[in-house]
> 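The structure that follows is given in the form of structure tokens.
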Amino acid sequence: MTINDEATEAEYAEVRDTTEGPVYHVSGGDWDEVLGDAQHDDRMVINMGPQHPSTHGVLRLVLELEGETVTQLRAVVGYLHTGIEKSAEFRNWTQGVTFVTRADYLAPLSNEMAYCLAVEKLLGIKAPPRAEILRVLLLELNRITSHLVFIATGGMDLGATTAMTLGFREREEAMHLLEYLTGLRMNHAFIRPGGLAQDLPEDWAEKVLDFCKIMDKRLPLYDKMFTGQPIWRNRLKDVGVLPLDACLELGVTGPVLRAAGLPWDLRKTEPYSRYDELEFDIPTSTDADSWARYLLRLEEIHQSLRIMKQVAKMAEPGPVMVEDKKIAWPAQLSIGSDGMGNSLGHVKKIMGQSMESLIHHFKLVTEGFHVPPGQVYAPVESPRGEIGAHLVSDGGTRPLRVHLREPSFVNMQAMPAMAEGGLVADLVVVIASIDPVLGGVDR
């Protein structure tokens, strides 16, 4: 073996053969290289994370510091890797919803929406009008819960413990409503290919309007506590600046992009699910700093409430799942007396109809429906930006490939540009202003 061969081999992961095939050993063994880069006596290299409250999850940052100034930043991800996309490829198309909903766990319904829109595009179907408008309701309610976590955790990062108390107080109101509407607080799997898992409770509109009244009453307190607070403003103003051209080069979307001046929101630019029938504004700013991102998200909560009030008045009666029984996952299942499974009456009804209907029900639930071969991409405006589902079908009952274009993952590329040259204390603000969710980054 020549020296060149040894050098080439060193570039790759170690491998050993087993009865199951080759096993590769991959590690973050670049620490020596990082230390080698810091060839300055007055600089030091430190780890921030992956166990650190203000990295918003298991994010590891390798920082080169000169005093308290960040001279170089490298983000190291993968500590929360769950294999969600690959797992979805081993389940049928409907079961895939239960996996993708766990990626960005603060915006699970956006994950479900992107995935289901992609499946429906492959099938050449469209959800019923009632299902589409109720999807909008759930997405906007989920947007509110996510932005409230941004304010709460961002405030906690900066030592404003009252922000955490207030943010989670309001979030609990929203989570109670989500639980009432879907049955679950998180990871709902409520948006399904073809529509919704089931219709909302009869008094859903009344509950939604009650929630909107509570939020309209409490949101002005955020302006008193934060927007008009000089310490809060000074910590965010002119910190983490990322101008529009940098956002476009890095693929940044969502509030970070709109805070730089571009009113790019898929609900307006590429409307889906009846968003084009609703009246709402897309807040923007040209300041491109953390302060602008805070103000923008706070205004987006107001706009989401505005959308929810409209949905409560315009949702017409009708089915919430497509009529095609070869695609429609059983949506109107009666719950048993134990709160789980199907009631005896529902099982008796299926078994009493015909052997064919029982067989069809069994095959649909266990095997799933066939999806025509092809590949599609369906984007949705999540609270963090564009989340898109890229699905590939080979004509079978489960996906050949599933990939999520995850906004937290893409937006985190901007972190060095926003943080280098600033203080470590400002780095905490930068991370909070991007609002990353590591479940989505690693998925």
> Enumerate the residue pairs fulfilling salt bridge (charged side-chain N to carboxylate O under 4.0 Å, His left out) with a member in residues 365-383, sequence neighbours excluded, ordered by first and then second residue.
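Sorted result for residues 365-383: Arg258-Glu381, Lys363-Glu367.
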> For the residue pair Glu140 / Ser304, report whether a side-chain donor-acceptor contact shorter than 3.5 Å exists.
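Present: a donor and an acceptor within the cut-off.
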> Can you see whether Glu132 engages Tyr272 through a side-chain donor-acceptor pair at a distance of less than 3.5 angstrom?
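Note: Glu132 and Tyr272 side chains miss the donor-acceptor criterion.
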> Could you go step by step and tell me if Leu181 and Leu137 meet the side chain to side chain contact (heavy atoms under 4.5 Å, CB included) rule?
CA-CA 10 Å; Leu181 298 177; Leu137 172 75; 4.2 Å; yes
> Checking side chain to side chain contact (heavy atoms under 4.5 Å, CB included) for the pair Leu61/Arg74: CA distance, chi angles, key distance, verdict?
CA-CA 6 Å; Leu61 299 176; Arg74 297 176 62 188; over 6 Å; no
> Leu400 versus Glu89: any side-chain heavy-atom pair under 4.5 Å?
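No, side chains not in contact.
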> Step by step, work out the salt bridge (Lys or Arg N to Asp or Glu O under 4.0 Å) result for Lys309 and Glu279.
CA-CA 11 Å; Lys309 293 172 187 174; Glu279 293 183 7; over 6 Å; no
> Kindly indicate, with the supporting measurements, whether the criterion side chain to side chain contact (heavy atoms under 4.5 Å, CB included) is fulfilled by Tyr222 and Glu170.
CA-CA 11 Å; Tyr222 286 77; Glu170 268 66 81; 2.8 Å; yes
> Do Arg102 and Thr82 touch side chain to side chain, with heavy atoms closer than 4.5 Å?
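No, side chains not in contact.
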> Considering non-hydrogen atoms only, spot the tightest contact between Ala292 and Ser285 and give its length.
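Scanning both residues completely, I find the closest heavy atoms to be CB-OG, 3.5 Å.
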> For the pair Arg297 (side chain) and Ser433 (backbone), establish whether a donor and an acceptor sit closer than 3.5 Å, ignoring hydrogens and angles.
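Yes; at least one donor-acceptor contact below 3.5 Å.
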> Answer yes or no: is there a donor N or O on one side and an acceptor on the other, between the side chain of Thr98 and the main chain of Gln95, under 3.5 Å?
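Yes, because the side chain of Thr98 sits within donor-acceptor range (under 3.5 Å) of the backbone of Gln95.
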> Using side-chain heavy atoms (C-beta onward) and a distance below 4.5 Å, is Met48 in contact with Val428?
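SC-SC contact between Met48 and Val428 confirmed.
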> Can any side-chain N or O of Arg91 pair as donor or acceptor with the backbone N or O of Phe99 at less than 3.5 Å?
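Side chain of Arg91 to backbone of Phe99, a donor-acceptor pair under 3.5 Å: no, none is there.
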> Are Arg293 and Asp287 ion-paired here, with the side-chain N under 4.0 Å from a carboxylate O?
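No salt bridge links Arg293 with Asp287.
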> Please give me the minimum heavy-atom distance between Gly395 and His370, naming the atom from each residue.
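Scanning both residues, the minimum pair turns out to be O-ND1, 3.2 Å.
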> Output yes when Glu173 and Arg218 qualify as a salt bridge under the 4.0 Å nitrogen-oxygen rule, no when they do not.
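Between Arg218 and Glu173 there is a salt bridge, with a charged N closer than 4.0 Å to a carboxylate O.
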> Just by distance, with hydrogens left out, do Thr71 and Glu66 show a side-chain donor and acceptor under 3.5 Å apart?
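There is no such pair between these side chains.
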> With a 4.0 Å cut-off, would you call Arg267 and Glu386 a salt bridge?
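Looking at Arg267 and Glu386, the cut-off is not met.
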> Any sub-3.5 Å donor-acceptor pair from Thr69's side-chain atoms to Gly422's backbone N or O?
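No.
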> So does Trp264 get a backbone contact from the side chain of Thr269, meaning a donor-acceptor N/O pair under 3.5 Å?
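No, because the side chain of Thr269 does not come within donor-acceptor range (under 3.5 Å) of the backbone of Trp264.
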> So which heavy atom on Ala174 is nearest to which on Leu141, and how close?
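Heavy atoms only, the tightest pair is CB-CD1, 3.9 Å.
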> Taking all heavy atoms of Ala152 and all of Gly167, pick out the closest pair and write down the distance.
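It is CB-CA, 3.9 Å.
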> Are there over 12 heavy-atom neighbours, none belonging to Lys126, within less than 6.0 Å of that residue's NZ?
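No, not enclosed.
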> Can we say Glu316 and Arg130 salt-bridge, meaning some charged N sits less than 4.0 Å from an Asp/Glu carboxylate O?
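Not counted as a salt bridge, because no side-chain N and carboxylate O are separated by less than 4.0 Å.
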> So, Asp435 versus His56: side-chain donor-acceptor pair below 3.5 Å or not?
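No, because no side-chain N or O of Asp435 sits under 3.5 Å from a partner of the opposite role on His56.
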> Which heavy atom of Leu296 sits nearest a heavy atom of Thr284, and at what distance?
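So the two residues come closest at CD1-CA, 3.9 Å.
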> Taking Thr253's backbone N and O only, do any of them form a donor-acceptor pair with Asn411's side chain (distance below 3.5 Å, no angle check)?
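Indeed, once roles are kept as given, a pair shorter than 3.5 Å links the two residues.
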> Suppose we screen for side chain to side chain donor-acceptor pair (under 3.5 Å). Which residues come up paired with Asp238, at least two apart in sequence or across chains?
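Expected list: none.
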> Can a cation-pi geometry be assigned to Arg306 and Phe280, taking NZ or CZ under 6.0 Å from the six-membered ring centre and within 45° of the ring axis?
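Cation-pi check for Arg306 and Phe280: fails.
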> Using ring centroids (six-membered ring only for Trp), state whether Tyr294 and Trp232 fall under 6.0 Å.
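Yes, ring centres under 6.0 Å apart.
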> Report yes or no: does Thr101 contribute a side-chain atom to a donor-acceptor pair with the main-chain N or O of Val97 at less than 3.5 Å?
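Checking the backbone N and O of Val97 against the side chain of Thr101, no donor-acceptor pair under 3.5 Å is found.
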> Validate the cation-pi geometry between Lys268 and Tyr275: distance from NZ or CZ to the six-membered ring centre under 6.0 Å, angle to the ring axis within 45°.
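The answer is no; the distance or angle limit is not met.
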> So that I can tick it off, tell me whether Arg443 and Asp104 are bridged by a salt bridge, with the cut-off set at under 4.0 angstrom between side-chain N and carboxylate O.
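Answer for the salt bridge query: no.
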> Is Tyr115 reaching over with its side chain to a backbone N or O of Leu404, donor-acceptor style, under 3.5 angstrom?
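Side chain of Tyr115 to backbone of Leu404: no pair is present.
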> Testing Asn92, Thr94, Asp324 one by one against Phe369 for a side chain to side chain contact (heavy atoms under 4.5 Å, CB included), which residue passes?
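So the option named by the test is Thr94.
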> If you apply the rule side chain to side chain contact (heavy atoms under 4.5 Å, CB included), what do you find for Val62 with Leu73, and how did you get there?
CA-CA 6 Å; Val62 180; Leu73 180 151; over 6 Å; no
> Side chain of Ser408, backbone of Val437: donor and acceptor closer than 3.5 Å?
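Pair found, side chain donor or acceptor close to backbone of Val437.
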> Answer yes or no: is there an ion pair linking Arg143 with Glu300, defined by an N-O contact shorter than 4.0 Å?
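No.
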> Any donor-acceptor pair under 3.5 Å linking the side chain of Asn142 with the backbone of Leu106?
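Yes, because the side chain of Asn142 sits within donor-acceptor range (under 3.5 Å) of the backbone of Leu106.
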> For His188 and Glu112, test the side chains for any donor-to-acceptor distance below 3.5 angstrom and give the result as yes or no.
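Judged by distance alone, the side chains do not pair up.
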